[in-house]
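This report concerns only the one structure given below.
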Amino acid sequence: MRPFPLALLALLAAGACGGEPSAPPPRTFELRAVVAPAVAALPPAAMPEEHAPPLDVDALEELLGPMRSGDPDLRALAVEDARRIGAPAVPGLAAALADDAEDDGVRLGCAHALGAIATPAALEALLACTQGTGPAWLRTQCADRIGRAGRDELVPRLLLRLKYEKDPVVVYWLADALARLGNLAAVDALYGLWTTSQDEELLGYVAYRLNELAAEHGAETADELRARRDAGELASDREPSAALRDEGWRWIERLGAYDLRTVDDARFVLVRLEPWIVPLLAAALHDETVHVRLHAAQCLARRGPRARAAADELLAALAEPRIAAVAAEALGALGDPRAAAALEEALATSPDAELRVAAARALSRLAQPSSRPVLQQAFALDRPMDLRQAAAEALLALDAAAEARAFLAGCLEDPRADGGAAEIALEAWLARRAADDPGYAEALDRWRVLAGDPARIPDRSEQAARRARRAALVRGLPD
Amino acid sequence: MKLRAITGLALAALGAAVLVAVFRPDAPEAPPVAFSSSAQCKDCHAEVYAEWEGSWHAQSWTDPDVRALSNDFANTDCIDCHAPRPVFETGIDQRVLPRSARRAEGVDCIACHALPAPPGEAPRMAGTLARLDVPCRPELVRELSTSEFCAPCHDQHKTVEQWRSTRYAADGVGCIDCHMPFRGGDPNRGRDHTMHGGHDIELVRAAVTLTARRDGSGLRIAVENVGAGHHFPTDERSRAADVFWRPRGETRWRWAYRFRSPYRDEVGVEDTLLPAHETREVVVEDAPAGPLEVALFYKLTPYWQDPENPDPEREARLVHGLVVEP
């Protein structure tokens, strides 16, 4: 007998029995080995070792000598010679590049030559230079040459340099290299420079490059480019290479490391890779290692709208107790209003205190009017303090309740409450109101003045005094 | 006769005690309680709760320094250890997971004591006694008092790893022996849950010695880690200890040396923490004639407001000071 008639018979039998429909089966979320087998199946990472015998001292000096002359034409010829020699030239060039005592012209020529050779070992030497303590001008040259080499599997390590590089000019060239390799975290880095740099010449470069990227991606202006990126509507049209996808799994594997420094670095990179990484992170939500799946959920949360493709997996992850709360917060960060119903249900019915609080915070991000009743329930007097506060913050995001506002003003002075979170929520609310109402704009100014000297960390009594004044300010506002 | 009577009475009392212990009815089992806040511990453990409430563990979420350095926890990487889920949930050989609820309670009773429970069952608490007749139904869990128990958070900055290579570790002296001593030195009174550390200047003073002497035209200063069971300072890149000197009578201190582990983005800054049992010498060349003051200061945040002209008396705490006479 075929399966269909069997199923039909079963349905008819169930109907004949009548009675209440059976309860839905408990939702489960499958856990399995995901990342380890994916990494095990990868081909070995490109080995930087070159098998060709290195140049002898005299042959190397024939390359470095013209670079030392200071003549740009001679340097260009030496670079071309090095390119023709290829791999055997790499060890000597890499050593000269890394040598702080070496002539600047030689180091510049070595950076260009290694970029032209572009073998794994050559690019490794350039990357090492971007991480080193050498002069900023040399780091910019190395970043530029990596960008021109066109090997996108280096994108994750260039991204990591963005995390640690402090020199704004080097940051510019790292961003430029990333853009060349098809990674639009470059837009964020360039905008970061735009808002913080005082260097007029650098700002000129930044504006030019942002406008160039805007034109490449069909945006009218650089601001539109940025807005589309923030909304998750901008992605590189360049397909990632197989080697870059492999690197994606290797960075996801690092989420399971014991050392949080390694995890922090991996999160930083995974948040900034292009959208091709999202399905891999979504798959990692099922990994048998709790740290991998939790941090994968955090990465999706930090990507915000740029992780919308993972919404279904995150909704399913609400059934996995260890990561349910982070999955809920990620759904809020994604900004997809379709998640509101599931979050409202979790807030109303889940026995898990972690999930309820996280769901309230996520609903605060989504700010859907449909959430108001369930948030009001969570805000009821008999609910735990932290849940009440999260619900009040969400109600304030809906601009709904004078009661919520008064409660949060109380949180500023209540040692049991999260005063810091209450300050953030109230300031965001004031800023929204200030956009339409000059009275609130003045209140917002007063609120910000109370912050005090941003260069100095207040002590505990100063913090308490600031919060008390802010609470009084909020209480004094009209309903 | 008298001795026999006393012995007889003592034996009778002992026998009675044994009989009571063996045949007393079991205390009724307490109904399980779902612990959702450390405040629930207060009624039965008032002394412990008061100690913890004033501790830095309790303030790990609310302390102004932490909030500033984590950008109000917008740097969510800090949440894992500043509002952790229970250590035993992941196990003492694993990192803790971050908490979404009750964050204002910081590193609380539940984070250290709650044991994982099967779904639908109230968790039991890890403790030094096994009992079912009290609401938290403690289980005897020996790992609770090991240094490995502190590692899921404190080894992120290598403190437990540093301790493992000290003589203290070899001698069985662990984290709690210094940071959670018995109250009043009496094991019957239990351990102090204030958990003193770098915020307690007396503990910092006990960790190191400062000596200095003239050496020709120079000044030779030595700092020895005599009491910390780990590097000095430890646990936080935010922490720093600085050696200063000045001619007696001058107000401005002159900087000589810093003990600190740099942040990752501080390229080229050397890690200068002082391992346990070791001494570091600092030489000031061409020190002026006359009496010189030497001091070791301790800072909870690493940066000076004016790095070119640091004011340790205002921005740091004095650990040790001395005068070197000519």
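Keep in mind the model is a prediction, meaning the values are calculated, not measured. Sequence lines set the chain letters: A, B, ... in the order given, protein chains first and strands last, and positions in each chain run from 1.
Top candidate by heavy-atom pairs under 4.5 Å with chain A, chosen from B:Ala104, B:Pro98, B:Pro64, is B:Pro64. Of the listed residues (A:Arg322, A:Gln131, A:Lys163), the greatest number of heavy-atom pairs within a distance under 4.5 Å of chain B belongs to A:Arg322. Looking only at heavy-atom pairs under 4.5 Å with chain B, the residue among A:Met385, A:Arg302, A:Arg416, A:Arg456 that has the most is A:Arg302. Highest contact tally toward chain B, considering only A:Glu423, A:Lys166, A:His291, is held by A:His291 [criterion: heavy-atom pairs under 4.5 Å]. Taking A:Gln463, A:Arg261, A:Arg361 one by one and counting their heavy-atom pairs under 4.5 Å with chain B, the maximum is reached by A:Arg261. When each of B:Lys158, B:Glu105, B:Gln94 is checked for heavy-atom pairs under 4.5 Å with chain A, B:Gln94 comes out on top.
Shown here for A:Ala394 and A:Ala360, the closest heavy-atom pair between the two residues is CB-O, 3.6 Å. Of all heavy-atom pairs between A:Phe268 and A:Leu159, the closest is CE2-O, 3.2 Å. Between B:Val160 and B:Ala151, the shortest heavy-atom contact is CG2-CA, 3.7 Å. When all heavy atoms of B:Ala241 and B:Pro233 are compared, the pair lying nearest together is N-CG, 4.2 Å.
The contact between A:Ala417 and chain B is made entirely by backbone atoms, counting heavy-atom distances below 4.5 Å. Within the 4.5 angstrom heavy-atom criterion, no atom of A:Pro351 approaches chain B. For A:Gln298, the part lying near chain B is the side chain, with the backbone staying farther off; criterion is any non-hydrogen pair under 4.5 Å. With a 4.5 angstrom heavy-atom cutoff, A:Ala257 touches chain B only via backbone atoms. Residue contact with chain A, scored on non-hydrogen atoms closer than 4.5 Å, is absent for B:Ser37. Contacts of B:Ser36 with chain A are absent, with no heavy-atom separation under 4.5 Å from either backbone or side chain. When heavy atoms are compared at a cutoff of 4.5 Å, B:Arg99 approaches chain A by way of both its backbone and its side chain. Contacts between A:Asp418 and chain B at a heavy-atom distance below 4.5 Å involve backbone atoms as well as side-chain atoms. With a 4.5 Å cut-off on non-hydrogen atoms, B:Arg95 touches chain A through its backbone and its side chain both. Using a 4.5 Å cut-off between heavy atoms, A:Ile424 touches chain B through its side chain atoms alone. Contact annotation for A:Glu354: both backbone and side-chain heavy atoms come within less than 4.5 Å of a heavy atom of chain B. With a 4.5 angstrom heavy-atom cutoff, B:Val269 does not touch chain A via any of its atoms. For A:Ala421, the part lying near chain B is the backbone, with the side chain staying farther off; criterion is any non-hydrogen pair under 4.5 Å. Using a 4.5 Å cut-off between heavy atoms, A:Leu260 touches chain B through backbone and side chain atoms alike. Looking at B:Asp63, both its backbone and its side chain come within 4.5 Å of chain A, counting heavy atoms on both sides.
No cation-pi contact links A:Arg383 to A:Phe379, judged by a cut-off of 6.0 Å to the six-membered ring centre and 45° from its axis.
The shortest distance between side-chain heavy atoms of A:Glu393 and A:Leu408 falls below 4.5 Å.
Looking at B:Arg124, B:Met125, B:His113 one by one, the single match for side-chain contact (heavy atoms from CB on, under 4.5 Å) with B:Phe35 turns out to be B:Met125.
Under the 30°/60° scheme for interplanar angles, the aromatic rings of B:Phe244 and B:Trp253 are found to stand perpendicular. Taking the six-membered ring for Trp and thresholds of 30 and 60 degrees, B:Phe259 and B:Tyr257 have ring planes more than 60 degrees apart, a perpendicular arrangement.
One side chain, A:Ser461 or A:Asp459, offers a donor N or O that lies under 3.5 Å from an acceptor on the other.
The pair B:Asp108-B:Arg102 meets the salt-bridge criterion, since a charged nitrogen lies less than 4.0 angstrom from a carboxylate oxygen.
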- Message: ring-ring contact (aromatic ring centres under 6.0 Å, His included), that's the test. Do B:Phe297 and B:Trp304 meet it? Break it down for me.
- Response: CA-CA 12 Å; B:Phe297 287 91; B:Trp304 300 103; 7.9 Å; no
